[in-house]
Amino acid sequence: MRIAIYPGSFDPVHLGHLDLIQRGEKLVDKLVVAVLHNPDKRAAFSVAERMEMLREMTKDMPKIEVDSFDGLLVDYARKKKAQFIVRGVRAFSDFEFEFQMALMNRKLAPELETVFLMPKEKYSAVSSKLVREIGHFGGDLHELLPESLLDRVVTGLRKQ
Ligand code: PNS
């Protein structure tokens with residue numbers, strides 16, 4: 001069984017993530033979308049809320065499992081018996097961080113392969129950080145979020 005982990009903060013999830021999930025699930029039998037539980041970073045949405053939104057977004061996708069993790073990604077991937085880590089690269093600016101992380105993860109767990117996927121061009125400038133900022137100041141998020149999550153994210157971000 002080919003299992004991949006798609007790890008991230010997903011704070012909040014957006015259409016660029018969904019695009020990656022759709023691409024990733026074609027490659028494997030199971031894709032675990034794993035929300036990092038990072039107590040050092042102040043998040044807009046709790047881990048439980050982020051997982052709920054991911055579950056809502058992927059409810060018709062049988063290969064997707066939504067989970068959370070803390071600690072090292074490689075330890076979590078081993079626990080889930082995954083062979084692959086999936087990460088998205090939107091632009092050249094993502095490359096340096098992703099390259100460092102992939103090489104470090106390879107050092108820690110040589111049996112794990114990192115697979116980079118590119119989202120559709122129209123999502124190449126979309127990030128959770130920008131979604132948070134636009135939402136906070138009342139901007140239009142229609143093209144960045146799935147319809148089913150729009151109200152929830154907008155309400156959550158307005159309160160920040
Ligand atoms: O969505 P993000 O914030 O870019 O995701 C970053 C993430 C969660 C993939 C990364 O921070 C991570 O894997 N953290 C877990 C801790 C870890 O394994 N750190 C060493 C990476 S080399």
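Numbering of ligands and ligand atoms starts at 1, following listing order. Nothing here was measured: the structure is a model prediction, and the numbers come from that model.
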**Q.** side-chain contact (heavy atoms from CB on, under 4.5 Å) between Lys30 and Met1, intermediate numbers included
**A.** CA-CA 8 Å; Lys30 181 158 93 172; Met1 179 140 165; 3.8 Å; yes
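Salt bridge status for Lys122 with Glu143: absent, with no side-chain N to carboxylate O gap under 4.0 Å.
Among residues two or more places apart in sequence or in another chain, the ring pair (Phe, Tyr, Trp, His ring centres under 6.0 Å) test is passed with Phe116 by none. Under the side chain to side chain donor-acceptor pair (under 3.5 Å) criterion, Tyr76 pairs with Asp67, sequence neighbours left out.
By the 30° and 60° cut-offs, the orientation of the rings of His17 relative to His14 is parallel.
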Tell me which donor-acceptor pairs under 3.5 Å the side chains of residues 32-55 have, and how far apart each pair is, sequence neighbours excluded?
residue: Asn38; atom: OD1; partner: Asp40; partner atom: N; Å: 3.1
residue: Ser46; atom: OG; partner: Glu49; partner atom: N; Å: 3.1
residue: Ser46; atom: OG; partner: Glu49; partner atom: OE1; Å: 3.4
residue: Glu49; atom: OE1; partner: Ser46; partner atom: N; Å: 2.8
residue: Arg50; atom: NE; partner: Phe45; partner atom: O; Å: 2.8
residue: Arg50; atom: NE; partner: Ser46; partner atom: O; Å: 3.4
residue: Arg50; atom: NH1; partner: Ser9; partner atom: O; Å: 2.8
residue: Arg50; atom: NH2; partner: Phe45; partner atom: O; Å: 3.1
residue: Glu52; atom: OE1; partner: Arg152; partner atom: NH1; Å: 3.2
residue: Glu52; atom: OE1; partner: Arg152; partner atom: NH2; Å: 2.9
residue: Arg55; atom: NH2; partner: Val66; partner atom: O; Å: 3.0

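For ligand 1, the 4.0 Å heavy-atom shell takes in Pro7, Gly8, Ser9, Leu36, Phe69, Gly71, Leu72, Leu73, Arg87, Met101, Met104, Asn105, ordered by chain and residue number.
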